[in-house]
Amino acid sequence: MKIPPVKGMRDFYPPEMSVRNYIMGHWKAVSQRNGFLEYDGPILEYLQLYTLKSGQEIVEQLFSLTDRGGRELAIRPEMTPTLARMVCQRINSLPRPIKWFSVPRLCRAERPQKGRLREFFQWNIDIIGVEDVVADAEIIFCTLDFLQAVGLTAKDIVVRISSRKLLSEALIEIGVPAERLDPVFAILDKRSRLPQEAFEQILSDQIPDQSIRSQVQTLMAISTLDEVALLARSEGACKAIAELRRLFEILHRMGVGQFCRFDIGIVRGLAYYTGIVFEVFDADDQLRAIAGGGRYDNLLAMFDGPNLPATGMGMGDCVLEILLRDKGLIDLQRIQQGLEYYVAYTEPGLMDHAIGLAAWLRRAGRSAGFCYRPVALGKQLKQASDQGCRYCIIIDRQVEAGQVILKDMSTGDQRSVTLDELLRQPG
RNA sequence: GUGAGAGUAGCUCAGUUGGUUAGAGCAUUGGAUUGUGGUUCCAAGGGUCAUGGGUUCGAAUCCCAUCUCUCACCCCA
(Lines give C-alpha, C1' and ligand atoms only; values in the text may rest on other atoms or scores of the structure.)
Protein backbone atom coordinates (compact mmCIF):
# COMPACT_ATOMS: atom_id res chain seq x y z
CA MET A 1 0.00 0.00 0.00
CA LYS A 2 1.35 3.35 -1.05
CA ILE A 3 1.12 6.05 1.58
CA PRO A 4 1.11 9.57 0.15
CA PRO A 5 2.48 12.63 1.93
CA VAL A 6 0.01 14.38 4.21
CA LYS A 7 -2.07 17.19 2.74
CA GLY A 8 -0.30 20.53 2.71
CA MET A 9 3.05 19.05 3.80
CA ARG A 10 6.22 19.07 1.70
CA ASP A 11 9.01 16.62 0.97
CA PHE A 12 12.38 18.27 0.59
CA TYR A 13 14.46 16.33 -1.95
CA PRO A 14 18.06 17.55 -2.24
CA PRO A 15 17.28 20.34 -4.77
CA GLU A 16 14.40 21.68 -2.65
CA MET A 17 16.50 21.31 0.46
CA SER A 18 19.22 23.42 -1.17
CA VAL A 19 16.70 26.19 -1.75
CA ARG A 20 15.44 25.94 1.82
CA ASN A 21 18.96 26.04 3.20
CA TYR A 22 19.76 29.00 0.97
CA ILE A 23 16.80 30.99 2.31
CA MET A 24 17.27 29.95 5.93
CA GLY A 25 21.01 30.57 5.75
CA HIS A 26 20.37 34.16 4.74
CA TRP A 27 17.67 34.56 7.38
CA LYS A 28 20.14 33.55 10.07
CA ALA A 29 23.13 35.45 8.71
CA VAL A 30 21.14 38.67 8.28
CA SER A 31 19.58 38.33 11.76
CA GLN A 32 23.00 37.95 13.29
CA ARG A 33 24.56 40.90 11.51
CA ASN A 34 21.60 43.01 12.66
CA GLY A 35 22.27 42.03 16.25
CA PHE A 36 19.51 39.49 16.88
CA LEU A 37 20.16 36.39 19.01
CA GLU A 38 18.67 33.06 18.02
CA TYR A 39 16.18 31.22 20.23
CA ASP A 40 13.74 28.36 19.73
CA GLY A 41 10.94 26.73 21.65
CA PRO A 42 9.10 23.42 21.53
CA ILE A 43 6.95 22.45 18.56
CA LEU A 44 4.15 21.50 21.00
CA GLU A 45 2.60 23.95 23.43
CA TYR A 46 -0.43 23.79 25.68
CA LEU A 47 -3.55 24.40 23.62
CA GLN A 48 -4.47 27.12 26.10
CA LEU A 49 -1.52 29.24 25.05
CA TYR A 50 -3.39 29.85 21.80
CA THR A 51 -7.04 29.60 22.80
CA LEU A 52 -6.56 32.16 25.54
CA LYS A 53 -5.01 34.99 23.62
CA SER A 54 -4.84 34.36 19.88
CA GLY A 55 -7.60 35.31 17.49
CA GLN A 56 -10.48 32.95 16.78
CA GLU A 57 -9.23 32.26 13.25
CA ILE A 58 -5.88 30.93 14.31
CA VAL A 59 -7.51 28.68 16.88
CA GLU A 60 -9.72 27.11 14.21
CA GLN A 61 -6.59 26.29 12.24
CA LEU A 62 -4.80 24.50 15.09
CA PHE A 63 -3.50 20.96 14.87
CA SER A 64 -4.28 19.78 18.37
CA LEU A 65 -3.94 16.49 20.26
CA THR A 66 -4.34 14.97 23.68
CA ASP A 67 -1.26 13.24 25.07
CA ARG A 68 -1.31 10.07 27.17
CA GLY A 69 -1.46 12.11 30.33
CA GLY A 70 -4.62 13.82 29.09
CA ARG A 71 -2.88 17.14 28.36
CA GLU A 72 -4.46 19.22 25.62
CA LEU A 73 -1.64 20.19 23.28
CA ALA A 74 -1.26 21.96 19.94
CA ILE A 75 1.42 22.18 17.29
CA ARG A 76 2.54 25.79 17.24
CA PRO A 77 0.76 27.84 14.55
CA GLU A 78 2.82 30.98 15.25
CA MET A 79 5.84 31.86 17.29
CA THR A 80 4.79 34.99 19.15
CA PRO A 81 2.95 33.26 22.05
CA THR A 82 5.99 31.03 22.64
CA LEU A 83 8.22 34.10 22.57
CA ALA A 84 5.96 35.90 25.02
CA ARG A 85 5.92 32.86 27.31
CA MET A 86 9.70 32.49 27.22
CA VAL A 87 10.31 36.18 27.81
CA CYS A 88 7.83 36.35 30.69
CA GLN A 89 9.41 33.30 32.35
CA ARG A 90 12.82 34.97 32.65
CA ILE A 91 11.86 38.61 32.41
CA ASN A 92 13.91 39.65 35.43
CA SER A 93 17.17 38.17 34.24
CA LEU A 94 17.13 38.98 30.52
CA PRO A 95 19.40 41.82 29.40
CA ARG A 96 17.47 44.52 27.53
CA PRO A 97 16.64 45.32 24.92
CA ILE A 98 15.67 41.78 24.01
CA LYS A 99 16.53 41.36 20.35
CA TRP A 100 15.77 37.80 19.32
CA PHE A 101 15.16 35.85 16.14
CA SER A 102 13.92 32.37 15.32
CA VAL A 103 13.13 30.25 12.27
CA PRO A 104 10.40 27.92 13.57
CA ARG A 105 8.54 25.23 11.65
CA LEU A 106 4.84 26.05 12.04
CA CYS A 107 1.61 24.21 11.20
CA ARG A 108 -1.84 25.54 10.45
CA ALA A 109 -4.72 23.37 9.28
CA GLU A 110 -5.94 25.62 6.51
CA ARG A 111 -6.74 24.68 2.98
CA PRO A 112 -3.52 24.71 0.98
CA GLN A 113 -3.22 27.01 -2.02
CA LYS A 114 -0.64 29.13 -3.78
CA GLY A 115 1.89 30.36 -1.22
CA ARG A 116 -0.09 28.81 1.62
CA LEU A 117 0.68 25.36 3.02
CA ARG A 118 -0.13 23.52 6.23
CA GLU A 119 3.49 23.29 7.28
CA PHE A 120 5.94 26.11 6.69
CA PHE A 121 8.93 27.94 8.06
CA GLN A 122 8.67 31.47 9.31
CA TRP A 123 11.46 33.88 10.08
CA ASN A 124 10.61 35.90 13.20
CA ILE A 125 12.52 38.89 14.52
CA ASP A 126 11.42 40.82 17.59
CA ILE A 127 12.66 43.66 19.73
CA ILE A 128 11.22 43.83 23.24
CA GLY A 129 11.75 46.73 25.61
CA VAL A 130 12.14 49.66 23.23
CA GLU A 131 9.31 52.15 22.96
CA ASP A 132 10.91 54.42 20.36
CA VAL A 133 10.17 53.98 16.63
CA VAL A 134 13.86 53.35 16.14
CA ALA A 135 13.04 49.74 17.05
CA ASP A 136 10.36 49.58 14.34
CA ALA A 137 12.90 51.01 11.92
CA GLU A 138 15.38 48.31 12.94
CA ILE A 139 12.80 45.60 12.27
CA ILE A 140 11.91 47.01 8.85
CA PHE A 141 15.56 47.56 7.97
CA CYS A 142 16.49 44.01 8.93
CA THR A 143 13.61 42.66 6.83
CA LEU A 144 14.81 44.68 3.84
CA ASP A 145 18.44 43.77 4.53
CA PHE A 146 17.47 40.15 3.96
CA LEU A 147 15.31 40.79 0.91
CA GLN A 148 18.17 42.72 -0.70
CA ALA A 149 20.65 40.01 0.28
CA VAL A 150 18.74 37.49 -1.83
CA GLY A 151 18.71 39.88 -4.79
CA LEU A 152 15.41 41.77 -4.56
CA THR A 153 15.34 45.50 -5.36
CA ALA A 154 12.93 48.40 -4.97
CA LYS A 155 11.58 47.43 -8.40
CA ASP A 156 10.51 44.05 -7.01
CA ILE A 157 9.09 44.77 -3.58
CA VAL A 158 7.46 47.50 -1.52
CA VAL A 159 6.95 47.95 2.22
CA ARG A 160 3.58 49.49 3.02
CA ILE A 161 3.57 51.18 6.39
CA SER A 162 0.84 52.63 8.54
CA SER A 163 -0.06 53.13 12.18
CA ARG A 164 -2.88 51.60 14.15
CA LYS A 165 -2.60 54.47 16.58
CA LEU A 166 -3.11 56.99 13.79
CA LEU A 167 -6.01 55.08 12.35
CA SER A 168 -7.81 54.63 15.65
CA GLU A 169 -7.36 58.33 16.53
CA ALA A 170 -8.65 59.35 13.11
CA LEU A 171 -11.63 57.01 13.31
CA ILE A 172 -12.57 58.29 16.75
CA GLU A 173 -12.30 61.89 15.48
CA ILE A 174 -14.69 60.98 12.69
CA GLY A 175 -17.11 59.53 15.21
CA VAL A 176 -16.56 55.79 15.24
CA PRO A 177 -17.21 54.52 18.80
CA ALA A 178 -14.07 53.26 20.53
CA GLU A 179 -15.58 49.84 21.24
CA ARG A 180 -16.19 49.35 17.51
CA LEU A 181 -12.56 49.91 16.56
CA ASP A 182 -11.45 46.26 16.55
CA PRO A 183 -14.22 44.98 14.25
CA VAL A 184 -13.77 48.05 12.03
CA PHE A 185 -10.04 47.33 11.78
CA ALA A 186 -10.85 43.79 10.70
CA ILE A 187 -13.11 45.17 7.96
CA LEU A 188 -10.67 47.84 6.82
CA ASP A 189 -8.01 45.14 6.55
CA LYS A 190 -10.15 43.54 3.85
CA ARG A 191 -10.73 46.74 1.89
CA SER A 192 -8.20 46.08 -0.85
CA ARG A 193 -9.40 42.49 -1.31
CA LEU A 194 -13.13 43.16 -1.53
CA PRO A 195 -15.22 44.76 -4.28
CA GLN A 196 -16.29 48.31 -3.35
CA GLU A 197 -19.95 47.35 -2.87
CA ALA A 198 -19.31 44.37 -0.64
CA PHE A 199 -16.94 46.47 1.43
CA GLU A 200 -19.56 49.21 1.85
CA GLN A 201 -22.06 46.55 2.86
CA ILE A 202 -20.06 44.97 5.69
CA LEU A 203 -18.89 48.39 6.83
CA SER A 204 -22.49 49.53 7.25
CA ASP A 205 -23.06 46.63 9.64
CA GLN A 206 -20.59 48.24 12.05
CA ILE A 207 -21.22 51.89 11.16
CA PRO A 208 -24.89 52.56 10.43
CA ASP A 209 -24.37 56.31 10.12
CA GLN A 210 -24.00 57.24 6.43
CA SER A 211 -22.00 60.44 6.97
CA ILE A 212 -19.48 58.74 9.27
CA ARG A 213 -19.15 55.98 6.73
CA SER A 214 -18.38 58.35 3.90
CA GLN A 215 -15.79 60.09 6.04
CA VAL A 216 -14.18 56.70 6.68
CA GLN A 217 -14.11 56.12 2.92
CA THR A 218 -12.51 59.54 2.40
CA LEU A 219 -9.91 58.77 5.04
CA MET A 220 -9.06 55.43 3.47
CA ALA A 221 -8.64 57.07 0.06
CA ILE A 222 -5.80 59.23 1.38
CA SER A 223 -2.43 58.33 -0.03
CA THR A 224 0.12 60.57 1.70
CA LEU A 225 1.04 61.43 5.24
CA ASP A 226 0.71 65.17 4.46
CA GLU A 227 -2.94 64.74 3.54
CA VAL A 228 -3.64 62.98 6.84
CA ALA A 229 -1.78 65.75 8.67
CA LEU A 230 -4.18 68.32 7.20
CA LEU A 231 -7.15 66.44 8.68
CA ALA A 232 -5.70 65.51 12.04
CA ARG A 233 -6.86 67.53 15.02
CA SER A 234 -6.36 65.44 18.16
CA GLU A 235 -3.10 65.34 20.03
CA GLY A 236 -2.94 61.55 19.67
CA ALA A 237 -3.30 61.72 15.89
CA CYS A 238 -0.60 64.38 15.63
CA LYS A 239 1.73 62.29 17.78
CA ALA A 240 1.09 59.24 15.60
CA ILE A 241 1.84 61.29 12.48
CA ALA A 242 5.04 62.64 14.01
CA GLU A 243 6.04 59.08 14.86
CA LEU A 244 5.45 57.93 11.28
CA ARG A 245 7.42 60.87 9.93
CA ARG A 246 10.29 60.01 12.26
CA LEU A 247 10.13 56.37 11.11
CA PHE A 248 10.38 57.36 7.44
CA GLU A 249 13.23 59.71 8.26
CA ILE A 250 15.20 56.92 9.96
CA LEU A 251 14.46 54.49 7.13
CA HIS A 252 15.78 57.04 4.62
CA ARG A 253 18.84 57.55 6.77
CA MET A 254 19.34 53.78 6.77
CA GLY A 255 19.28 53.78 2.99
CA VAL A 256 16.06 51.84 2.47
CA GLY A 257 13.64 54.74 2.01
CA GLN A 258 13.02 53.86 -1.64
CA PHE A 259 11.31 50.61 -0.55
CA CYS A 260 8.89 52.24 1.88
CA ARG A 261 5.48 53.84 1.30
CA PHE A 262 2.85 55.19 3.63
CA ASP A 263 -0.38 53.25 3.08
CA ILE A 264 -3.28 53.97 5.38
CA GLY A 265 -4.92 50.73 4.21
CA ILE A 266 -2.41 48.54 6.07
CA VAL A 267 -4.26 47.48 9.19
CA ARG A 268 -3.41 43.78 9.75
CA GLY A 269 -5.91 41.25 10.92
CA LEU A 270 -4.38 40.32 14.25
CA ALA A 271 -5.99 42.11 17.14
CA TYR A 272 -2.85 42.64 19.20
CA TYR A 273 -1.15 45.29 17.08
CA THR A 274 -1.03 48.69 18.75
CA GLY A 275 1.12 51.11 16.73
CA ILE A 276 3.25 50.99 13.61
CA VAL A 277 2.16 48.18 11.27
CA PHE A 278 3.66 47.14 7.94
CA GLU A 279 3.45 44.53 5.23
CA VAL A 280 5.86 43.66 2.42
CA PHE A 281 4.39 42.96 -1.03
CA ASP A 282 5.75 42.20 -4.47
CA ALA A 283 5.68 45.39 -6.54
CA ASP A 284 3.31 43.90 -9.12
CA ASP A 285 0.88 42.97 -6.34
CA GLN A 286 0.48 39.47 -7.76
CA LEU A 287 1.19 37.51 -4.59
CA ARG A 288 0.12 37.49 -0.98
CA ALA A 289 2.04 39.45 1.63
CA ILE A 290 5.66 38.31 1.81
CA ALA A 291 6.08 39.52 5.36
CA GLY A 292 4.19 41.48 7.95
CA GLY A 293 4.72 42.94 11.35
CA GLY A 294 4.35 45.80 13.71
CA ARG A 295 4.15 46.97 17.25
CA TYR A 296 2.38 44.94 19.94
CA ASP A 297 2.96 46.82 23.17
CA ASN A 298 0.30 44.99 25.18
CA LEU A 299 1.07 41.42 24.32
CA LEU A 300 3.36 40.53 27.21
CA ALA A 301 0.85 41.93 29.66
CA MET A 302 -1.76 39.69 28.03
CA PHE A 303 0.39 36.73 29.02
CA ASP A 304 0.50 37.96 32.61
CA GLY A 305 3.89 39.53 32.05
CA PRO A 306 5.07 43.08 32.61
CA ASN A 307 3.92 45.93 30.44
CA LEU A 308 6.79 45.99 27.99
CA PRO A 309 6.78 47.58 24.54
CA ALA A 310 7.50 45.19 21.66
CA THR A 311 7.73 45.16 17.89
CA GLY A 312 8.43 42.38 15.42
CA MET A 313 8.09 40.79 12.01
CA GLY A 314 7.23 37.41 10.52
CA MET A 315 8.17 36.16 7.04
CA GLY A 316 7.05 32.80 5.66
CA ASP A 317 9.09 30.71 3.26
CA CYS A 318 6.33 29.84 0.76
CA VAL A 319 5.47 33.20 -0.85
CA LEU A 320 9.10 34.25 -0.66
CA GLU A 321 10.23 31.21 -2.61
CA ILE A 322 7.58 31.78 -5.29
CA LEU A 323 8.71 35.38 -5.69
CA LEU A 324 12.41 34.47 -5.84
CA ARG A 325 11.68 31.84 -8.50
CA ASP A 326 9.53 34.29 -10.50
CA LYS A 327 12.34 36.81 -10.46
CA GLY A 328 14.91 34.20 -11.50
CA LEU A 329 16.86 34.69 -8.29
CA ILE A 330 17.25 31.03 -7.46
CA ASP A 331 20.25 29.63 -9.26
CA LEU A 332 20.30 25.93 -8.38
CA GLN A 333 23.74 25.47 -9.93
CA ARG A 334 25.12 28.00 -7.53
CA ILE A 335 23.09 27.03 -4.47
CA GLN A 336 23.52 23.28 -4.64
CA GLN A 337 26.30 21.92 -2.51
CA GLY A 338 28.80 20.12 -4.73
CA LEU A 339 32.10 18.48 -3.92
CA GLU A 340 35.21 20.53 -4.30
CA TYR A 341 37.43 17.69 -5.54
CA TYR A 342 36.71 14.56 -7.51
CA VAL A 343 39.61 12.14 -7.52
CA ALA A 344 39.80 10.17 -10.79
CA TYR A 345 42.30 7.66 -12.06
CA THR A 346 43.47 6.59 -15.48
CA GLU A 347 43.58 2.85 -14.88
CA PRO A 348 41.89 0.44 -12.45
CA GLY A 349 45.13 -0.36 -10.67
CA LEU A 350 45.29 3.22 -9.39
CA MET A 351 41.88 3.17 -7.66
CA ASP A 352 43.40 2.60 -4.22
CA HIS A 353 45.54 5.70 -4.67
CA ALA A 354 42.36 7.66 -5.39
CA ILE A 355 40.66 6.33 -2.26
CA GLY A 356 43.69 7.28 -0.21
CA LEU A 357 43.99 10.73 -1.74
CA ALA A 358 40.28 11.53 -1.34
CA ALA A 359 40.41 10.53 2.33
CA TRP A 360 43.62 12.55 2.78
CA LEU A 361 41.90 15.63 1.37
CA ARG A 362 38.92 15.10 3.67
CA ARG A 363 41.18 14.81 6.68
CA ALA A 364 42.70 18.13 5.61
CA GLY A 365 39.23 19.68 5.66
CA ARG A 366 38.47 19.65 1.92
CA SER A 367 35.46 17.94 0.37
CA ALA A 368 36.37 15.13 -1.98
CA GLY A 369 34.83 12.12 -3.72
CA PHE A 370 35.76 9.32 -6.08
CA CYS A 371 34.14 6.58 -8.15
CA TYR A 372 33.25 3.43 -6.23
CA ARG A 373 34.08 1.07 -9.07
CA PRO A 374 36.84 1.15 -11.65
CA VAL A 375 35.45 2.69 -14.83
CA ALA A 376 36.95 4.54 -17.78
CA LEU A 377 38.34 8.01 -17.11
CA GLY A 378 35.71 9.60 -19.35
CA LYS A 379 32.97 8.18 -17.11
CA GLN A 380 34.65 9.50 -14.03
CA LEU A 381 34.92 12.98 -15.50
CA LYS A 382 31.27 12.85 -16.47
CA GLN A 383 30.33 11.88 -12.93
CA ALA A 384 32.51 14.71 -11.63
CA SER A 385 30.77 17.31 -13.76
CA ASP A 386 27.32 15.81 -13.03
CA GLN A 387 28.06 16.23 -9.34
CA GLY A 388 29.18 19.81 -9.83
CA CYS A 389 32.75 19.35 -8.64
CA ARG A 390 35.02 22.35 -9.00
CA TYR A 391 38.20 20.37 -9.58
CA CYS A 392 39.07 16.95 -10.80
CA ILE A 393 42.31 15.37 -9.66
CA ILE A 394 43.55 12.81 -12.15
CA ILE A 395 45.91 10.15 -10.85
CA ASP A 396 48.26 8.51 -13.33
CA ARG A 397 51.60 6.70 -13.05
CA GLN A 398 53.23 9.96 -11.97
CA VAL A 399 51.58 9.47 -8.56
CA GLU A 400 54.54 7.29 -7.60
CA ALA A 401 56.67 10.43 -7.98
CA GLY A 402 54.21 12.49 -5.93
CA GLN A 403 52.64 14.23 -8.93
CA VAL A 404 48.95 14.36 -9.90
CA ILE A 405 47.00 16.31 -12.50
CA LEU A 406 44.69 19.08 -11.29
CA LYS A 407 41.90 19.93 -13.70
CA ASP A 408 39.62 22.95 -13.30
CA MET A 409 36.19 21.70 -14.36
CA SER A 410 34.80 25.09 -15.33
CA THR A 411 37.66 26.10 -17.65
CA GLY A 412 39.02 22.67 -18.55
CA ASP A 413 42.57 23.84 -17.78
CA GLN A 414 44.82 21.27 -16.20
CA ARG A 415 48.34 21.11 -14.85
CA SER A 416 50.59 18.77 -12.95
CA VAL A 417 50.92 19.50 -9.22
CA THR A 418 52.44 17.93 -6.12
CA LEU A 419 50.24 16.89 -3.21
CA ASP A 420 51.47 19.77 -1.09
CA GLU A 421 50.52 22.24 -3.79
CA LEU A 422 46.98 20.82 -3.74
CA LEU A 423 46.34 22.03 -0.23
CA ARG A 424 47.53 25.49 -1.18
CA GLN A 425 44.61 25.73 -3.61
CA PRO A 426 42.04 28.28 -2.49
CA GLY A 427 39.40 26.24 -0.71
C1' G B 1 -15.28 25.10 6.21
C1' U B 2 -17.61 27.18 0.99
C1' G B 3 -17.17 27.30 -4.47
C1' A B 4 -14.71 25.90 -9.30
C1' G B 5 -11.25 22.86 -12.18
C1' A B 6 -7.95 18.73 -12.54
C1' G B 7 -5.61 13.62 -11.61
C1' U B 8 -2.16 8.67 -17.51
C1' A B 9 5.86 6.75 -15.96
C1' G B 10 9.97 10.64 -11.19
C1' C B 11 8.58 15.43 -14.42
C1' U B 12 5.84 17.69 -18.85
C1' C B 13 2.16 15.72 -21.65
C1' A B 14 -0.18 12.48 -26.24
C1' G B 15 -3.86 8.68 -26.26
C1' U B 16 -9.43 8.88 -32.24
C1' U B 17 -17.13 7.95 -31.57
C1' G B 18 -15.60 3.24 -25.55
C1' G B 19 -12.19 -1.58 -29.14
C1' U B 20 -6.32 -6.02 -29.09
C1' U B 21 -0.18 -5.82 -25.72
C1' A B 22 -1.16 2.42 -23.00
C1' G B 23 2.97 6.11 -26.03
C1' A B 24 6.68 10.34 -26.55
C1' G B 25 10.23 13.91 -24.70
C1' C B 26 13.06 14.98 -20.37
C1' A B 27 15.12 12.45 -16.13
C1' U B 28 17.29 7.66 -14.25
C1' U B 29 20.35 3.13 -15.08
C1' G B 30 23.57 0.22 -18.31
C1' G B 31 26.53 0.10 -22.81
C1' A B 32 29.67 2.26 -27.17
C1' U B 33 33.89 6.11 -28.25
C1' U B 34 40.65 2.16 -25.16
C1' G B 35 44.01 8.91 -20.98
C1' U B 36 39.74 13.71 -20.60
C1' G B 37 33.39 15.81 -18.76
C1' G B 38 28.90 19.20 -20.16
C1' U B 39 27.89 16.30 -27.20
C1' U B 40 26.25 12.05 -29.89
C1' C B 41 24.53 6.97 -30.58
C1' C B 42 22.36 2.18 -28.69
C1' A B 43 19.58 -0.24 -24.95
C1' A B 44 16.97 -1.04 -20.39
C1' G B 45 14.05 -0.19 -16.16
C1' G B 46 9.81 2.46 -14.74
C1' G B 47 2.32 2.68 -15.23
C1' U B 48 -3.41 -1.90 -11.14
C1' C B 49 -4.24 5.02 -16.30
C1' A B 50 -5.43 8.45 -8.10
C1' U B 51 -8.63 4.73 -5.21
C1' G B 52 -13.25 2.01 -4.82
C1' G B 53 -17.83 0.87 -7.02
C1' G B 54 -21.27 1.04 -11.33
C1' U B 55 -22.83 0.94 -16.84
C1' U B 56 -21.05 -2.23 -21.01
C1' C B 57 -19.50 -8.06 -24.76
C1' G B 58 -15.42 -4.59 -23.81
C1' A B 59 -13.55 1.38 -19.77
C1' A B 60 -7.57 5.49 -19.33
C1' U B 61 -12.17 7.12 -22.04
C1' C B 62 -19.15 7.22 -19.64
C1' C B 63 -21.63 7.63 -14.36
C1' C B 64 -21.21 7.86 -8.77
C1' A B 65 -18.38 8.15 -4.27
C1' U B 66 -13.77 8.93 -1.81
C1' C B 67 -8.78 10.81 -1.73
C1' U B 68 -5.17 14.19 -3.51
C1' C B 69 -3.63 18.50 -6.17
C1' U B 70 -4.54 23.47 -8.29
C1' C B 71 -7.26 28.15 -8.12
C1' A B 72 -10.56 31.47 -5.58
C1' C B 73 -13.21 32.74 -0.76
C1' C B 74 -12.16 32.95 4.62
C1' C B 75 -7.59 34.22 7.14
C1' C B 76 -2.70 34.93 7.01
C1' A B 77 3.47 33.99 6.23
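Being a predicted model, the structure only gives us computed values, none of them experimental. Letters A, B, ... mirror the listed sequences (proteins, then strands); counts begin at 1.
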**Q** For A/Thr82, which residues count as a side chain to side chain donor-acceptor pair (under 3.5 Å) partner, sequence neighbours excluded?
**A** A/Glu45
**Q** For A/Asp413, check side chain to side chain donor-acceptor pair (under 3.5 Å) against everything at least two apart and list the hits.
**A** A/Thr411
**Q** In whole angstrom, give the distance that lies between atom CG of A/Leu332 and atom P of B/A27.
**A** 15 Å
**Q** Tell me: CZ of A/Arg118 to C1' of B/C75, nearest whole Å?
**A** 14 Å
**Q** Taking B/A60 as the reference, what is the distance to B/A50 when you measure between their C1' atoms (whole Å, please)?
**A** 12 Å
**Q** Pairs in or reaching into residues 16-36 of chain A: which pass salt bridge (charged side-chain N to carboxylate O under 4.0 Å, His left out), with residues at least two apart or in two chains?
**A** A/Lys28-A/Glu38, A/Arg33-A/Asp145
**Q** Expressed as a whole number of angstroms, how long is the span from A/Phe146:CZ to B/A77:C1'?
**A** 13 Å
**Q** With sequence neighbours left out, what residues match A/Phe36 under ring-ring contact (aromatic ring centres under 6.0 Å, His included)?
**A** none
**Q** To the nearest angstrom, how far is A/Tyr273 atom OH from B/C75 atom C1'?
**A** 13 Å
**Q** Could you tabulate the donor-acceptor pairs under 3.5 Å formed by side-chain atoms of residues 286-294 of chain A, not counting sequence neighbours?
**A**
residue: A/Gln286; atom: NE2; partner: A/Asp284; partner atom: O; Å: 3.3
residue: A/Arg288; atom: NE; partner: A/Lys114; partner atom: O; Å: 2.9
residue: A/Arg288; atom: NH2; partner: A/Gln113; partner atom: OE1; Å: 2.7

**Q** Using atom C1' of each nucleotide, how far apart are B/U48 and B/A44 to the nearest Å?
**A** 22 Å
**Q** Which residues pass the side chain to side chain donor-acceptor pair (under 3.5 Å) test with A/Glu131, sequence neighbours left out?
**A** none
**Q** What protein N or O atoms touch nucleotides 69-71 of chain B N or O atoms at under 3.5 angstrom, if any, and at what distances?
**A**
residue: B/C69; atom: OP1; partner: A/Gly8; partner atom: N; Å: 3.0
residue: B/C69; atom: OP2; partner: A/Lys7; partner atom: NZ; Å: 3.4
residue: B/C71; atom: OP2; partner: A/Lys114; partner atom: N; Å: 2.6

**Q** Could I get a table of every N or O pair under 3.5 Å where one atom is in the protein and the other is in nucleotides 32-37 of chain B?
**A**
residue: B/G35; atom: N1; partner: A/Asp396; partner atom: OD2; Å: 3.0
residue: B/U36; atom: O2; partner: A/Lys407; partner atom: NZ; Å: 2.9
residue: B/U36; atom: O2; partner: A/Gln414; partner atom: OE1; Å: 3.2
residue: B/U36; atom: N3; partner: A/Gln414; partner atom: OE1; Å: 3.0
residue: B/U36; atom: N3; partner: A/Gln414; partner atom: NE2; Å: 3.2
residue: B/U36; atom: O4; partner: A/Gln414; partner atom: NE2; Å: 3.1
residue: B/G37; atom: O2'; partner: A/Ser385; partner atom: OG; Å: 3.1
residue: B/G37; atom: N1; partner: A/Met409; partner atom: O; Å: 2.4
residue: B/G37; atom: N2; partner: A/Met409; partner atom: O; Å: 2.9

**Q** Quick one: CZ on A/Arg10 to CZ on A/Arg118, what's the gap to the nearest 0.5 Å?
**A** 14.0 Å
**Q** What distance, rounded to whole Å, do you find between the two C1' atoms, one in B/A59 and one in B/G52?
**A** 15 Å
**Q** Rounded to whole angstrom units, what separation is found between the CD1 atom of A/Ile125 and the P atom of B/A77?
**A** 14 Å
**Q** Which range-with-range stems can be found for RNA chain B when each stem has 3 or more Watson-Crick or G-U pairs in a row and both distances sit under 3.5 Å?
**A** B:1-7 with B:67-73, B:10-13 with B:23-26, B:28-32 with B:40-44, B:50-54 with B:62-66
**Q** In whole Å, what separates the C1' atom of B/A4 from that of B/C74?
**A** 16 Å
**Q** Between B/C67 and B/C75, how many Å separate the two P atoms, rounded to a whole number?
**A** 26 Å
**Q** By side chain to side chain donor-acceptor pair (under 3.5 Å), which residues pair with A/Asp209, not counting sequence neighbours?
**A** A/Ser211
**Q** Provide the distance between the two C1' atoms, one in B/C49 and one in B/G23, to the nearest whole Å.
**A** 12 Å
**Q** In whole angstrom, what separates A/Asn124's CG from B/A77's P?
**A** 10 Å
**Q** When the ring centroid of A/Trp123 is compared with that of A/Phe146, is the distance short of 6.0 Å?
**A** yes
**Q** So what does A/Arg76 touch, heavy atoms closer than 4.0 Å: a base, only the sugar-phosphate, or nothing?
**A** nothing
**Q** Could you work out the separation of B/G1 and B/C64 based on their C1' atoms and round it to a whole Å?
**A** 24 Å
**Q** Using residues 397-406 of chain A as the side-chain source, report each donor-acceptor pair under 3.5 Å to any protein atom, sequence neighbours left out, with the distance given to one decimal.
**A**
residue: A/Arg397; atom: NH2; partner: A/Glu347; partner atom: OE1; Å: 2.5
residue: A/Gln403; atom: OE1; partner: A/Ser416; partner atom: OG; Å: 2.8

**Q** Distance under 6.0 Å and angle within 45° of the ring axis: does A/Arg160 meet both against A/Phe281?
**A** yes
**Q** For A/His252 and A/Phe248, run ring-ring contact (aromatic ring centres under 6.0 Å, His included): C-alpha distance rounded to whole Å, both residues' side-chain angles, the deciding distance at 0.1 Å, then the answer.
**A** CA-CA 6 Å; A/His252 273 98; A/Phe248 280 102; 7.2 Å; no
**Q** Under a 3.5 Å cutoff, is there a donor and acceptor pairing between the side chains of A/Arg85 and A/Gln89?
**A** yes
**Q** Is any side-chain N or O of A/Glu110 under 3.5 Å from a base N or O of B/A77, one able to act as donor and the other as acceptor?
**A** yes
**Q** With a 4.0 Å heavy-atom cut-off, tell me which residues in residues 284-291 of chain A come close to RNA chain B, sorted by residue number.
**A** A/Arg288, A/Ala289, A/Ile290, A/Ala291
**Q** Would you give the length of the straight line joining atom OG of A/Ser31 to atom NE2 of A/His26, rounded to the nearest 0.5 angstrom?
**A** 12.0 Å
**Q** Roughly how far, to the nearest 0.5 Å, is NZ of A/Lys165 from CG of A/Asp297?
**A** 7.0 Å
**Q** Quote, to the nearest angstrom, the P distance that separates B/C11 from B/G7.
**A** 14 Å
